[in-house]
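The structure is given below, and queries will be raised subsequently.
Proteins come first, then strands; the chains are lettered A, B, ... in the order of their sequence lines, and each starts at number 1.
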Number of protein chains: 2
Amino acid sequence: MNRMTAARSPLSPAERPRLGLRERKKIKTREAIRTATYALIREQGYDATTVEQIAERAEVSPSTVFRYFPTKEDIVLTDEYDALIVEELRARPAGEPWMESMRHVMHKALEANAGEDPEVVRLRTQLTVQVPAVRSRMFESMSETGRLLRGALAEHYGLDPDALEVRVYAMSLIGGLMEVSMYWAENDFGGDLHDLMDRALTVMDRGLPRENR
Amino acid sequence: MNRMTAARSPLSPAERPRLGLRERKKIKTREAIRTATYALIREQGYDATTVEQIAERAEVSPSTVFRYFPTKEDIVLTDEYDALIVEELRARPAGEPWMESMRHVMHKALEANAGEDPEVVRLRTQLTVQVPAVRSRMFESMSETGRLLRGALAEHYGLDPDALEVRVYAMSLIGGLMEVSMYWAENDFGGDLHDLMDRALTVMDRGLPRENR
DNA sequence: CATGGAATGAGAGTAGCTCTCAAAATATGG
DNA sequence: CCATATTTTGAGAGCTACTCTCATTCCATG
């Protein structure tokens, strides 16, 4: 729960164990499970990979796998961007037009994304396109993101986060953004994600390119 | 499906077997499974209801249940609105602004919805809010709807259905519409769905109510 | 009424996931 | 450095959704 206790005290001279042995092991285990999973999926595909196999390769028991990840799908999906998004959004100047803020924030998120192993990012994205269970889980987490987003949005504009309009607006944004990643994967990860994102945001801001409406 | 066929003519002499006995039995079985499921869920909740119980009450074997519905979630989710939506959309005049068409079409869909048993509609919607598995399945089917929608949209405007902009626009619409149903359920099914839908479409068309942006 | 094809039931099997309990590892106080 | 408290782990039993196979029953058709 709180690792602060350990981090606070002197310790600076050696400063080696900023985290206790226990905590470090937990992180290692978590990563071992993840990498084992990615490797196995690359070798055999998602469905053919059982949790037992994952456990074996990660050198833990199946029980432990489920202790670290509630479901098999959760092993492949990271999703630590939500916090980042909200944080960055809050950091934007108050008067700034919403879509401008969104643009900045999404680019920040993409930069964070670029920090990860590209192979893994691609595999993960591909799985969200190909494997229904993974895609489902992703939708699920996107709808949580939607909730956060509408909170930020309401704050930004001083609106009620539970108002229909705010909710619809936020969720509609999420839907559009999700499609960007699908598009990217389905088109063999071609094109710059930053460009795609920009185009998507433009559409959602101003509607379809030209003509009618 | 359509129970109309059975209800319409009370066995007029000549045209008794418009459907063979086999077909009629299949329809009956399908409905028996559905009603058994709804009843059990109302009594015990979704998770507590097993497929075995459903089979027992519907007086079929568990195997048969899975022969009729690929997953437990599919038993509760109908979703035959997609076809209707696309069809109605195609029937709208060519020059009509897109959002206007959408408005008409969605209202048509709501009317069809009103034709169903309100109890069932509510239970189903409620499940999509409360039960993750059901919600997932619903997201899944919504993304299929998105695909249909972007086809219709592309046709309507003469655009490429696989273009990023079209895809994003369609999916963003879907996201917003989905949120309407969530909102409705979370607010105890209060308010007129037609109104809610109108407000949602307005937001997605013109952005948030007033001020900034 | 006989024959062919479809729907069903019975049963075995798999995999994801939960729960329990005892053993092992680690932190903490003396 | 040892004893004790706490946390983490492994082993295993158990449940349920879901798949597959095969024999049986049921309906259609000539």
**OP:** Look at the side chain of A/Val51 and decide which nucleotide, out of D/dC18, C/dT8, C/dG16, has an atom nearest to it.
**Re:**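 Among the listed nucleotides, the one closest to the side chain of A/Val51 is C/dG16.
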Original post:
Any ion pair linking B/Arg57 and B/Glu43 (charged N to carboxylate O, less than 4.0 Å)?
Top reply: yes
**OP:** Give me the bend of the helix from C/dC1-D/dG30 to C/dG30-D/dC1, using the axes of the five pairs at each end, rounded to 10°.
**Re:**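 If I round to tens, the end axes sit 10° apart.
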Subject >> Between P of C/dG16 and CZ of A/Arg67, the distance in whole Å >> reply: 17 Å
**OP:** Taking atom CZ of A/Arg90 as the centre, report whether more than 12 heavy atoms of other residues, nucleotides or ligands fall under 6.0 Å from it.
**Re:**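 For A/Arg90, atom CZ is not crowded (no more than 12 foreign heavy atoms under 6.0 Å).
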Original post:
Picking from D/dA17, C/dG16, C/dT26, which would you name as closest to the side chain of A/Thr50?
Top reply: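 Among D/dA17, C/dG16, C/dT26, the one nearest the side chain of A/Thr50 is C/dG16.
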Subject >> Whole angstrom value for the distance that separates P of D/dC26 from CZ of B/Arg24 >> reply: 17 Å
Subject >> Value in whole Å for how far the P atom of C/dT26 lies from NZ of A/Lys28 >> reply: 11 Å
Original post:
Any chance the side chains of B/Arg137 and B/Thr71 put a donor and an acceptor closer than 3.5 Å?
Top reply: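 Absent: no donor and acceptor within the cut-off.
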Original post:
Reckon B/Tyr68 has a side-chain N or O less than 4.0 Å from the OP1 or OP2 of C/dA7?
Top reply: no
Original post:
Quick one: do B/Glu186 and A/Arg167 make a salt bridge, cutoff under 4.0 Å?
Top reply: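 Answer for the salt bridge query: yes.
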Original post:
Is the phosphate of C/dT26, meaning OP1 or OP2, less than 4.0 Å from a side-chain N or O of A/Lys25?
Top reply: yes
Subject >> Separation of atom CD in B/Glu56 from atom C1' in C/dG9, rounded to whole Å >> reply: 15 Å
Subject >> Closest to side chain of A/Ser61, choosing from C/dC17, D/dG10, D/dA17 >> reply: D/dG10
**OP:** Measure distances between side-chain N and O atoms of A/Ser63 and base N and O atoms of D/dA11, and say whether any donor-acceptor pair falls under 3.5 Å.
**Re:** yes
**OP:** For the side chain of A/Arg22, starting at C-beta, report the closest nucleotide among C/dG16, D/dA28, C/dA27.
**Re:** C/dA27
**OP:** Would you mind telling me which residue lines up with the more 5' stretch of DNA chain C, A/Pro70 or B/Lys26, judged by nearest nucleotide?
**Re:** B/Lys26
Subject >> Whole-Å distance separating the CD atom of A/Glu52 from the P atom of D/dG12 >> reply: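 Whole-Å distance recorded here is 12 Å.
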Subject >> Length of the CZ-C1' vector between B/Phe66 and D/dT19, whole Å >> reply: 9 Å
Subject >> Nearest-angstrom distance from the residue atom CD of B/Glu23 to C1' of C/dG5 >> reply: 13 Å
Original post:
In terms of side-chain geometry, is the basic nitrogen of B/Arg122 or B/Glu116 positioned less than 4.0 Å from the acidic oxygen of its partner?
Top reply: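 Salt bridge between B/Arg122 and B/Glu116, a charged N being under 4.0 Å from a carboxylate O: no.
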Subject >> Between C/dC17 (C1') and A/Glu73 (CD): distance, integer Å >> reply: 11 Å
**OP:** Name the closest nucleotide to the A/Thr64 side chain, picking from C/dA27, D/dT9, D/dA28.
**Re:**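 Within the option list, the nearest is D/dT9.
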**OP:** Could you tell me whether the side chain of A/Arg103 reaches within less than 4.5 Å of the side chain of A/Thr202, counting heavy atoms only?
**Re:**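 A side-chain contact exists here, since the closest heavy-atom pair is under 4.5 Å.
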Original post:
Ignoring hydrogens and geometry, is there a side-chain-to-backbone donor-acceptor pair from B/Arg150 to B/Pro161 under 3.5 Å?
Top reply: yes
